[in-house]
Amino acid sequence: MTTTRGLRERDDSITMLTAYDAPTAAIVDEAGIDVVLVGDSMGNAALGYDSTLPVTFDEVASRTAAVARATEDALVVADMPFLSFGVDEAESVRNAGRLLKEANADAVKIESGPHTVDVTRRMTEVGIPVMAHLGLTPQHVNRLGGYTRQGTDEDAAEEIIDLAGTHADAGTFALVLEHVPANLAGAVTEALDIPTIGIGAGPDCDGQVLVINDAVGLGEWSPPFAKQFGDVRGEMVDAVEAYEAAVTSGEFPAEEHSHVEEDLGDLY
Ligand SMILES: Nc1nc(=O)c2c([nH]1)NC[C@@H]1CN(c3ccc(C(=O)N[C@@H](CCC(=O)O)C(=O)O)cc3)CN21
Ligand SMILES: CC(C)C(=O)C(=O)O
Ligand SMILES: [Mg+2]
């Protein structure tokens with residue numbers, strides 16, 4: 001069992017991947033991945049939206065429950081969707097708690113900023129482990145003006161280092177750093193006692209995370225910092241085309257996929 005404490009104490013790199021359904025979670029878990037993130041990236045990667053903003057609390061809760069049912073060893077982290085936290089502190093803590101209580105998550109992740117320090121502390125105080133997320137925070141795409149690199153000048157880098165510190169002090173057990181310079185991520189990692197997990201943040205984080213679609217080659221598009229470790233889309237295209245051809249040609253179902261009963265009477 002991976003625990004939030006265990007992540008802090010390990011020596012080799014932490015591995016994290018997203019999963020949005022039970023079969024994918026089972027594969028990720030059996031491969032020995034440490035953390036399964038039920039990311040709000042499900043908006044793009046599983047639900048057909050063109051951003052993460054439309055993803056609802058119920059969508060994340062339902063997918064988290066499915067992932068938790070299929071996961072034995074990995075830590076299950078539920079990503080709190082846009083507006084399910086950050087508007088009202090009590091509502092944010094209740095929503096986070098429901099992801100543990102009803103959906104069986106082990107922890108939540110929230111896209112962090114100056115406004116999430118107090119709510120992070122409150123969640124931690126009531127017993128909800130919180131993973132912070134700094135750098136590119138896709139729920140802020142409309143304010144940021146695109147999915148651009150973050151922390152690219154001295155002031156912006158300084159702000160990320162400060163927020164990393166205040167969130168660590170507020171009790172977060174780990175920090176995701178997204179689409180920031182490798183040397184900034186290295187400096188944040190050096191400065192913090194909690195582990196950093198990078199995506200587009202270079203090799204000097206304590207761990208790495210990717211969206212599962214990007215890692216296995218399922219999507220039609222992936223961000224510039226992702227690497228494809230397989231061609232699942234190609235495999236599925238081949239299998240679906242082979243099925244289509246076999247049915248239209250009459251080759252499927254064959255005798256071994258069918259059965260005949262002798263005692264159905266004369267009508268059949
Ligand atoms: N499949 C998938 N993978 C992800 O990593 C991911 C999602 N979906 N959905 C939610 C967010 C969005 N992310 C993104 C999306 C686009 C870029 C990107 O294309 N960046 C370019 C262009 C930036 C711009 O000018 O708008 C870059 O060069 O930084 C990066 C991260 C990361 N997240
Ligand atoms: C990319 C990761 C960190 C994420 O937030 C997500 O998948 O939603
Ligand atoms: Mg997310």
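Here the structure is a predicted model, which is why all the values come from computation and not from measurement. Atoms within each ligand, like the ligands themselves, are counted from 1 in listed order. Worth knowing before you read on, the calculation uses all heavy atoms, side chains too, and leaves out hydrogens, waters and symmetry mates. Residue indices begin at 1 and follow the sequence shown.
- Annotation for ligand 1: atoms under 4.0 Å from non-hydrogen atoms of D214 are 1 (N), 2 (C), 3 (N), 4 (C), 5 (O).
- Here N213 has no heavy atoms under 4.0 Å from ligand 1, in either its backbone or its side chain.
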Steps toward salt bridge (charged side-chain N to carboxylate O under 4.0 Å, His left out) verdict (R233, D231): CA-CA 5 Å; R233 184 180 181 80; D231 182 26; over 6 Å; no

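- Between N44 and ligand 1, an N or O atom pair is found at a separation short of 3.5 Å.
- At least one heavy atom of K109 sits less than 4.0 Å from an atom of ligand 2.
- Here the shortest heavy-atom pairing between I197 and I14 reads CD1-CG2, 4.1 Å.
- Taking 4.5 Å as the limit, every side-chain heavy atom of H167 sits out of range of all side-chain heavy atoms of L175.
- H179 and Y147 have their aromatic ring centers separated by at least 6.0 angstrom.
- Considering backbone and side-chain atoms together, D79 places an N or O closer than 3.5 Å to an N or O of ligand 2.
- Counting protein heavy atoms only, atom 6 (C) of ligand 1 is closest to V211 CG2, 4.1 Å.
- Ring pair H115/F85 is parallel by interplanar angle, where below 30° counts as parallel and above 60° as perpendicular.
- Residues L83 and V38 do not share a hydrophobic cluster, defined by chaining ILVMFWY side chains whose heavy atoms lie under 4.5 Å apart.
- For H133, every heavy-atom contact with ligand 2 shorter than 4.0 Å involves the side chain, none the backbone.
- Hydrophobic clustering, with ILVMFWY side chains joined whenever heavy atoms are under 4.5 angstrom apart, keeps I110 apart from I160.
- Between the side chains of H140 and E111, no donor-acceptor pair is found at a separation under 3.5 Å.
- Nearest protein neighbour of atom 5 (O) of ligand 1, counting heavy atoms only, is P223 CG, 3.3 Å.
- Residue contact annotation: E111 places no N/O/S atom under 2.8 Å from the Mg ion (ligand 3).
- Considering just the N/O/S atoms of D40, the one nearest the Mg ion (ligand 3) carries the name OD1.
- Atoms of ligand 2 lying under 4.0 Å from at least one heavy atom of T18, given by number and element, are 7 (O).
- Of the N and O atoms on the side chains of N44 and S41, not one donor lies less than 3.5 Å from an acceptor on the other residue.
- Of the polar atoms of Y147, at least one N or O is found under 3.5 Å from an N or O of ligand 1, judged by distance alone.
- Side chains of S51 and Y49: no donor on one and acceptor on the other come within 3.5 Å.
- In this comparison of L37, N213, L17, V209, the heavy atom closest to atom 2 (C) of ligand 2 sits on L37.
- Checking only distances, D40 does come within under 3.5 Å of ligand 2, N or O to N or O.
- Every N/O-N/O distance between S41 and ligand 1 stays at or above 3.5 Å.
- Only the side chain of I199 comes within 4.0 Å of ligand 2, judged by heavy-atom distances.
- At least one heavy atom of P224 lies less than 4.0 angstrom from ligand 1.
- Judged by distance alone, the side chains of D40 and Q139 do bring a donor and an acceptor atom under 3.5 Å apart.
- Residue nearest to atom 25 (O) of ligand 1, selected from T18, T148, L144: T148 (by heavy-atom distance).
- With hydrogens and angles left out, the side-chain atoms of D204 and T189 include no donor and acceptor closer than 3.5 Å.
- Distances below 4.0 Å separate heavy atoms of G39 from the following atoms of ligand 2: 6 (C), 7 (O), 8 (O).
- The distance criterion of under 3.5 Å between nitrogen or oxygen atoms is not met by W221 with respect to ligand 1.
- E125 and R121 are not joined by a salt bridge, as no carboxylate oxygen comes within less than 4.0 angstrom of a charged side-chain nitrogen.
- Geometrically, ligand 2 and S41 share a nitrogen or oxygen pair separated by less than 3.5 Å.
- Linking Ile, Leu, Val, Met, Phe, Trp and Tyr residues whenever their side-chain heavy atoms come within less than 4.5 Å leaves F225 and V180 in two separate clusters.
- For the Mg ion (ligand 3), the nearest N, O or S atom contributed by D79 is named OD2.
- Heavy atoms of P138 approach ligand 1 to within less than 4.0 angstrom.
- When only modelled atom types and interatomic distance are considered, T148 and Q150 share a side-chain donor-acceptor pair under 3.5 Å.
- Across Q139, H179, R149, heavy-atom proximity to atom 27 (C) of ligand 1 is greatest for H179.
- Of the protein's non-hydrogen atoms, E178 OE2, 3.1 Å is the one closest to atom 32 (C) of ligand 1.
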